[in-house]
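Before any comments, here is the structure.
Only heavy atoms go into these numbers, but all of them, side chains included; no hydrogens, no water, no symmetry mates.
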Amino acid sequence: MPIIDPGVHLMIGALIFPNMDQCDFTGPFEALARVPNSTFVTIARDKSPVRDLKGLRFLPDVSMEDAPKLDVLLVPGGYGQEALMHDEDTLAFIRAQARHARYVFSVCTGALLCGAAGLLEGKQATTHWTAMEVLRYYGATPTHERVVVDGSMVSAGGVTAGIDGSLVVVSLLRGSTVAEEIQLYMAYEPKTPFTAGSPDTAPAHVLNAVTEQARAITEERIKTARQYRALRDRAAGTN
């Protein structure tokens with residue numbers, strides 16, 4: 001898609017929900033809230049405070065019912081994503097916004113919510129490494145890239161990948177120079193103190209420990225995804 005005329009005002013919004021991972025939201029917020037000539041809103045089921053996975057509290061700007069039409073919808077992840085996979089109000093909201101949004105931007109397991117809303121069929125996508133195998137059930141081709149752009153769908157990998165993804169979204173909206181200016185303001189030049197940021201580079205004992213910590217939620221996600229696929233296949237067989 002071509003870069004958008006800078007004179008066009010953009011509406012950017014994030015869906016927030018209980019037990020999300022706040023960094024999936026706050027990392028991208030740092031960049032997306034700085035997009036020139038734009039407004040950023042936080043959206044939840046209602047305007048009650050939302051607590052993230054570790055208890056950090058957020059106050060939504062608007063409810064899903066009152067949310068404006070967005071140019072960009074940010075969908076974060078976290079353990080709380082699983083509780084919304086059968087929540088039709090949330091899935092309908094994502095689908096409705098996707099119909100007119102320029103981009104839907106998922107971070108981490110927010111991709112699974114987009115998948116449950118039917119947005120990943122035939123798309124390349126990425127997510128947190130512990131949930132990568134789940135993407136296929138939603139019709140996506142898993143891609144082990146930190147950020148994946150497929151048409152109007154932009155997906156970022158686990159947690160901090162959302163910062164990278166947000167800068168890519170900025171470049172799609174306002175061009176690479178604006179994205180670089182925001183990156184410089186953020187002083188975003190990662191020099192990590194350890195090499196355990198990826199399953200490919202983490203020591204075996206670290207990888208095993210984190211995989212075990214995520215085992216229960218991973219099994220829940222796979223179960224939910226299999227149910228989704230079975231329903232889709234059954235519906236396709238009756239048509």
Side-chain angles (χ1 to χ4, degrees), residues 13-21 24-25 43-45 50 52-53 64-65 67 70 72-101 103-159 161-162 165 199 211 213-239:
L15 175 65
I16 61 174
F17 49 87
N19 294 319
M20 68 177 184
D21 192 319
D24 291 0
F25 159 60
I43 306 160
R45 181 180 299 279
V50 171
D52 97 312
L53 186 61
M64 292 191 298
E65 183 179 1
L70 301 173
V72 178
L73 171 63
L74 165 62
V75 183
Y79 282 24
Q81 146 270 320
E82 184 62 20
L84 300 177
M85 296 296 282
H86 298 293
D87 186 277
E88 189 51 40
D89 288 342
T90 299
L91 300 181
F93 169 77
I94 293 172
R95 282 192 291 266
Q97 290 289 346
R99 281 195 286 271
H100 52 70
Y103 298 100
V104 175
F105 171 33
S106 70
V107 178
C108 198
T109 55
L112 306 186
L113 266 177
C114 292
L119 302 188
L120 297 188
E121 294 285 347
K123 297 284 189 180
Q124 295 187 68
T126 190
T127 187
H128 194 278
W129 62 269
T130 60
M132 194 68 69
E133 64 181 295
V134 184
L135 289 175
R136 295 189 187 278
Y137 293 99
Y138 296 106
T141 300
T143 305
H144 291 269
E145 300 290 337
R146 196 159 169 85
V147 181
V148 177
V149 181
D150 191 336
S152 61
M153 186 73 212
V154 180
S155 55
V159 194
T211 300
Q213 291 165 18
R215 184 178 302 280
I217 187 66
T218 300
E219 290 175 351
E220 288 182 35
R221 287 167 172 158
I222 292 173
K223 180 180 177 181
T224 298
R226 285 175 173 164
Q227 292 172 345
Y228 171 91
R229 190 77 259 158
L231 289 172
R232 289 298 292 257
D233 292 346
R234 191 175 305 135
T238 60
N239 292 335

Distance in Å, [X] [atom1] paired with [Y] [atom2], rounded so as to fall on 0.5 Å steps:
X: L73; Y: S152; atom1: CG; atom2: OG; result: 11.0 Å
X: D150; Y: Q124; atom1: CG; atom2: CD; result: 5.5 Å
X: L74; Y: I16; atom1: CG; atom2: CD1; result: 10.5 Å
X: D89; Y: I94; atom1: CG; atom2: CD1; result: 11.5 Å
X: N19; Y: L84; atom1: CG; atom2: CG; result: 9.5 Å

Is there a side-chain contact between [X] and [Y], using heavy atoms and a 4.5 Å cut-off?
X: T90; Y: F17; result: no
X: H86; Y: Q227; result: yes
X: V154; Y: V104; result: no
X: E219; Y: I222; result: no
X: V107; Y: T127; result: no
X: Q213; Y: T130; result: no
X: M85; Y: L113; result: yes
X: M153; Y: L120; result: yes

Closest heavy-atom pair and its distance - [X], [Y]:
X: C108; Y: D24; result: CB-OD2, 3.2 Å
X: A125; Y: S155; result: CA-OG, 3.4 Å
X: G151; Y: Y103; result: O-CE2, 3.9 Å
X: A140; Y: P142; result: O-CD, 3.4 Å

Check: T126 side chain, V148 main-chain N or O, donor-acceptor pair, under 3.5 Å: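 No, because the side chain of T126 does not come within donor-acceptor range (under 3.5 Å) of the backbone of V148.
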Determine, stepwise, if the pair L15 / Q97 fulfils side-chain contact (heavy atoms from CB on, under 4.5 Å). CA-CA 11 Å; L15 175 65; Q97 290 289 346; over 6 Å; no
Do I43 and F93 pass the side-chain contact (heavy atoms from CB on, under 4.5 Å) test, and can you show the C-alpha distance, the side-chain angles, and the key distance before you say yes or no? CA-CA 10 Å; I43 306 160; F93 169 77; 3.8 Å; yes
Here the ring pair (Phe, Tyr, Trp, His ring centres under 6.0 Å) pairs for residues 115-141, sequence neighbours left out, are Y138-Y228
Determine, stepwise, if the pair R232 / E121 fulfils side-chain contact (heavy atoms from CB on, under 4.5 Å). CA-CA 11 Å; R232 289 298 292 257; E121 294 285 347; 3.8 Å; yes
Within residues 129-138 or reaching into it, pairs that qualify as salt bridge (charged side-chain N to carboxylate O under 4.0 Å, His left out) - sequence neighbours excluded: none
Evaluate side-chain contact (heavy atoms from CB on, under 4.5 Å) for M20 paired with L53, printing each intermediate quantity in order. CA-CA 5 Å; M20 68 177 184; L53 186 61; over 6 Å; no
Could you tabulate the donor-acceptor pairs under 3.5 Å formed by side-chain atoms of residues 75-83, not counting sequence neighbours?
residue, atom, partner, partner atom, Å
Q81, OE1, T109, OG1, 3.4
Q81, OE1, R221, NE, 2.9
Q81, OE1, R221, NH2, 3.0
E82, OE2, T224, OG1, 2.3

